[in-house]
**Q** 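First the structure, then my questions, so here it is.
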Amino acid sequence: MTPNVNPLPPCPKEYDQSIFESHLPKVISALKRNIPRIGDRQPMIGTQDLKWQYCKEWNWVSGFWAGQLWLAHKVSSEQVFKNAARLQNNYMKNTLALRMEHNHDLGFVFSLSCVADYKLTGSSEARTMALTAADSLLGRYRRIGKYFVAWNEDMIVTPGNVTGRVIIDSLQNMALLFWASEQTGNPVYKECAIAHADTLSKTVVREDYTVYHTFNFDPFTQEPVGGENFQGYADESCWSRGMAWALHGYAQIYEYSKEARHLAIAKNLASVVASQLEKDPVPVWDYLLPEHETPYRDSSAGSCTASGLFLIAEHCDCADEAERFRKWGRYLLGGLIEQCDLSENPNAWGLLDEGAAFVHKGRSRNMLPYGDYYYMEALMRACGYHHFFW
Ligand code: GLY
């Protein structure tokens, strides 16, 4: 049966392709300017003076600077980007050794550092490190419930549920497993990734194609219990970065699974997101935020969504439909360039302002390394690049 797909609303504004082609070199120059500033550190969150606070050991955001450097190397072939990306290897080795700290985020960290290195240079050391990370991630799979466990004890939010929690962000981490199946010829990584995506589509993704952030399963029977919105406004609201993780995530899972249901979910999520962005292309941090709340925006939700829209377009059968997704991708990306871009500010150590890392903890209006990474990825997709590290 062909899955049902809700259409996108009309796109409010058209951006010319040339804007993106002229902007990509500016972003590459900004990255080059920031290499000596950042050195071998891993940006975590921007400071008010547009510099960075850095990751300590094991942090889900630690691979995004490496990811940007590898993207810049892919575009420019300049050694300076490769050399800077390789400065991250020690941190990644330490991360691999911290096995007890590992969680579902291994894909974010290792796809954008070691898989990227392997794909661009053929480094066997990088390949081995990424496969080790994929094995650690596979160890989090629960066969009865068919899902990957999200966090460890230090992240217990509802006591007793730690072994039964899944998280929408994890869809971004499945690419490491698809890659591991391709590399090793062992289908188990891929089978578990597809089963996990299908479990999330019946639990974290609601029937109206909004999403929870996390969903709990009974830790013993592994039966579904209910959803929560850890980083969103409220349990029944809709955290915009969660929607971005899901939209980009299902499009990416479709690239490997080729199951029409995964692409259909990505398109249906896109239709919900687009209906929320008709007035402003930069997402507010929660799409169901009550009017009395401060509408902080989240440029990282915008950049990840934009990249996901271009990715969906790549997989549309019909040229008209593909162009509708691309038009929305350009609308989001054009909005970020006009409203949040810092690439021409010589004092900025990052690319995008207005990220909302965690509004409940007061972390809003910051530069974010993941916002920057997806911004670069979206720009490259807008300019016709197709093959990435995921
Ligand atoms: N993966 C955590 C976040 O999106 O903030």
Side-chain angles (χ1 to χ4, degrees), residues 42-46 52-53 55-56 58-65 67 95 101-113 133 137 140 147-152 154-157 162 165-176 196 200 204-205 210-215 227-234 237-250 252 269 273 282-287 289 296-308 350 352 354-375 377-378 390:
Q42 297 71 38
M44 182 179 72
I45 186 166
W52 294 107
Q53 277 177 38
C55 299
K56 300 202 171 75
W58 171 253
N59 192 312
W60 77 276
V61 309
S62 59
F64 289 105
W65 171 240
T95 296
E101 310 288 315
H102 291 181
N103 64 23
H104 76 97
D105 287 320
L106 282 158
F108 280 121
V109 179
F110 285 92
S111 290
L112 301 182
S113 56
L137 182 54
R140 305 186 70 81
Y147 58 80
F148 285 95
V149 177
W151 297 326
N152 303 323
D154 60 334
M155 288 291 287
I156 290 183
V157 185
V162 70
R165 184 185 295 275
V166 297
I167 184 169
I168 197 74
D169 324 24
S170 64
L171 292 166
Q172 296 287 305
N173 296 313
M174 297 298 105
L176 180 65
H196 176 74
L200 262 59
V204 190
V205 181
T210 60
V211 299
Y212 290 110
H213 182 192
T214 70
F215 197 96
E228 292 178 344
N229 232 333
F230 184 58
Q231 276 172 260
Y233 173 73
S237 71
C238 184
W239 179 47
S240 60
R241 193 158 64 251
M243 286 296 276
W245 295 144
L247 182 158
H248 186 291
Y250 277 107
Q252 193 156 265
L269 292 161
V273 170
V282 184
V284 73
W285 70 282
D286 191 305
Y287 290 126
L289 196 67
Y296 295 112
R297 299 189 301 172
D298 183 11
S299 54
S300 74
S303 60
C304 180
T305 301
S307 187
L352 277 186
E354 295 275 341
F358 202 154
V359 173
H360 296 306
K361 294 195 175 174
R363 294 187 211 132
S364 52
R365 312 205 69 182
N366 294 107
M367 303 185 302
L368 298 171
Y370 35 103
D372 290 1
Y373 169 80
Y374 286 95
Y375 185 45
E377 189 183 291
W390 308 103

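This one's a predicted model, so the numbers in the text were calculated from it and none came from an experiment. Just so you know, ligand 1 is whichever comes first in the structure, and atom 1 is the first atom listed for that ligand.
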**Q** With sequence neighbours excluded, tell me which residues meet side-chain hydrogen bond (donor to acceptor under 3.5 Å, both in side chains) with Trp245.
**A**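 Trp245: side-chain hydrogen bond (donor to acceptor under 3.5 Å, both in side chains) contacts with Asp169.
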**Q** For Asp298, give me all partners under salt bridge (charged side-chain N to carboxylate O under 4.0 Å, His left out), at least two apart in sequence or on another chain.
**A**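 With neighbours one apart ignored, the set is Arg241.
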**Q** We want to know whether Gln172 and Trp60 form a side-chain donor-acceptor pair, criterion being a heavy-atom distance below 3.5 angstrom.
**A**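 Result is no, nothing qualifies.
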**Q** Quick check for students: name every N or O atom pair between ligand 1 and the protein closer than 3.5 Å, with distances.
**A**
from: ligand 1; atom 1: 1 (N); to: Asp169; atom 2: OD2; distance (Å): 2.6
from: ligand 1; atom 1: 4 (O); to: Arg241; atom 2: NE; distance (Å): 2.9
from: ligand 1; atom 1: 4 (O); to: Arg241; atom 2: NH2; distance (Å): 3.3
from: ligand 1; atom 1: 4 (O); to: Trp245; atom 2: NE1; distance (Å): 3.1
from: ligand 1; atom 1: 5 (O); to: Gln231; atom 2: NE2; distance (Å): 2.8
from: ligand 1; atom 1: 5 (O); to: Arg241; atom 2: NH2; distance (Å): 2.6

**Q** Given Leu269 and Val211, is the side-chain contact (heavy atoms from CB on, under 4.5 Å) satisfied, shown in steps?
**A** CA-CA 9 Å; Leu269 292 161; Val211 299; 3.9 Å; yes
**Q** Filter on side-chain hydrogen bond (donor to acceptor under 3.5 Å, both in side chains), then keep only pairs touching residues 354-363, sequence neighbours left out; what's left?
**A**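 Matches after skipping sequence neighbours: Glu354-Arg365.
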**Q** So, Ser240 side chain and Trp285 main chain: donor-acceptor pair closer than 3.5 Å or not?
**A**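 Yes, the answer is positive, given that a donor and an acceptor are paired below the 3.5 Å cut-off.
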